[in-house]
Amino acid sequence: MAVLSPRARRLVTASAFLPLVLAGCSTPAAPGRSADAVTVGDQWVKAADSGMSAGFGELRNTGAEAVTVVAASSPAAGRLELHEVVPDAEGAMIMRPKDGGFTIPAGGALTLRPGGDHLMFMELGAPLRTGSTTEVVLTFADGSSTTFSAQVRDFAGAQEEYAPGHGA
Ligand SMILES: [Cu+2]
């Protein structure tokens, strides 16, 4: 057959690209890829004596692909969770772990703020004193991570009730 139908030509083209796609999938992601694309600004943590607190800031994605924060940690807290704030069945605002983590669109930003998505500090090992700083590590879906330091500030809000167990 000298002339391929348009459909056959598309199939030939698709199979010609297939090996490249497979090679791309089997190559490990470059280390630090998501972490290199993300910048953190205006970061702060609410002062607290014990128990729980929350961290906020703006996560900006300078890359061409969406990135997702899947975990976080801090030496100040036994556990750090990625929380969202949503209305419960009665309309009261509650916070809970966010399914799938924090996704930051390509070229976009995600603002962590009181009453919205935030980093939940749990099991504080020591009081978070106003004016001090604490380190936070964000881990991305590709395994890369970024560390930033956040100032501790007085803040009276962010008192949403915690509804644990969501998404478990
Ligand atoms: Cu929370």
Side-chain angles (χ1 to χ4, degrees), residues 29-168:
R33 194 189 55 187
S34 288
D36 291 345
V38 172
T39 61
V40 181
D42 298 331
Q43 66 273 25
W44 62 283
V45 177
K46 181 184 158 180
D49 285 332
S50 62
M52 301 193 289
S53 188
F56 310 99
E58 184 169 84
L59 309 180
R60 194 161 275 287
N61 178 8
T62 62
E65 287 175 22
V67 301
T68 303
V69 180
V70 295
S73 65
S74 168
R79 200 148 55 94
L80 222 63
E81 291 184 351
L82 311 175
H83 276 191
E84 63 180 350
V85 175
V86 293
D88 69 5
E90 283 76 44
M93 299 308 282
I94 56 158
M95 58 183 179
R96 65 185 187 189
K98 186 163 191 170
D99 277 340
F102 295 156
T103 296
I104 314 162
L110 174 71
T111 303
L112 307 178
R113 62 178 187 278
D117 291 352
H118 58 274
L119 298 165
M120 193 77 210
F121 285 62
M122 308 179 79
E123 302 163 14
L124 291 182
L128 286 168
R129 302 271 188 228
T130 303
S132 67
T133 57
T134 187
E135 288 208 328
V136 177
V137 181
L138 301 180
T139 303
F140 298 94
D142 70 351
S144 64
S145 64
T146 190
T147 302
F148 62 90
S149 121
Q151 195 177 56
V152 178
R153 292 186 198 164
D154 273 323
F155 185 71
Q159 303 285 2
E160 285 84 9
E161 204 155 322
Y162 182 39
H166 171 80

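Quantities reported herein were computed from a predicted structural model and do not represent experimental measurements. One-based numbering, in listed order, for ligands and for the atoms of each.
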Visitor: Assign the ring pair His118 / Phe56 to parallel, tilted or perpendicular, where the plane angle (0 to 90°) is split at 30° and 60°.
Guide: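 Taking Phe56 first and then His118, their aromatic rings sit tilted (interplane angle of 30° to 60°).
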
Visitor: Test: side-chain hydrogen bond (donor to acceptor under 3.5 Å, both in side chains). Region: residues 62-72. Which pairs qualify, not counting sequence neighbours?
Guide: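 Listed by first then second residue: Thr68-Thr103.
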
Visitor: Okay, side chain of Asp142, backbone of Ser34: is any donor-acceptor separation there less than 3.5 Å?
Guide: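 Side chain of Asp142 to backbone of Ser34: a pair is present.
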
Visitor: Check the pair Arg96, Asp88 against salt bridge (charged side-chain N to carboxylate O under 4.0 Å, His left out), reporting the backbone distance first and the verdict last.
Guide: CA-CA 10 Å; Arg96 65 185 187 189; Asp88 69 5; over 6 Å; no

Visitor: Could you check whether any side-chain N or O of Ser53 sits under 3.5 Å from a backbone N or O of Ala48, counting only pairs where one atom can act as donor and the other as acceptor?
Guide: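 Answer holds: no.
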
Visitor: Can a donor-acceptor pair be found, under 3.5 Å and without considering hydrogens, that links the side chain of Ser144 to the backbone of Ala35?
Guide: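 Yes.
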
Visitor: What's within reach of the Cu ion (ligand 1), meaning protein N/O/S atoms under 2.8 Å?
Guide: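 Hits for the Cu ion (ligand 1) below 2.8 Å: His83 ND1, Met95 SD, His118 NE2, Met120 SD.
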
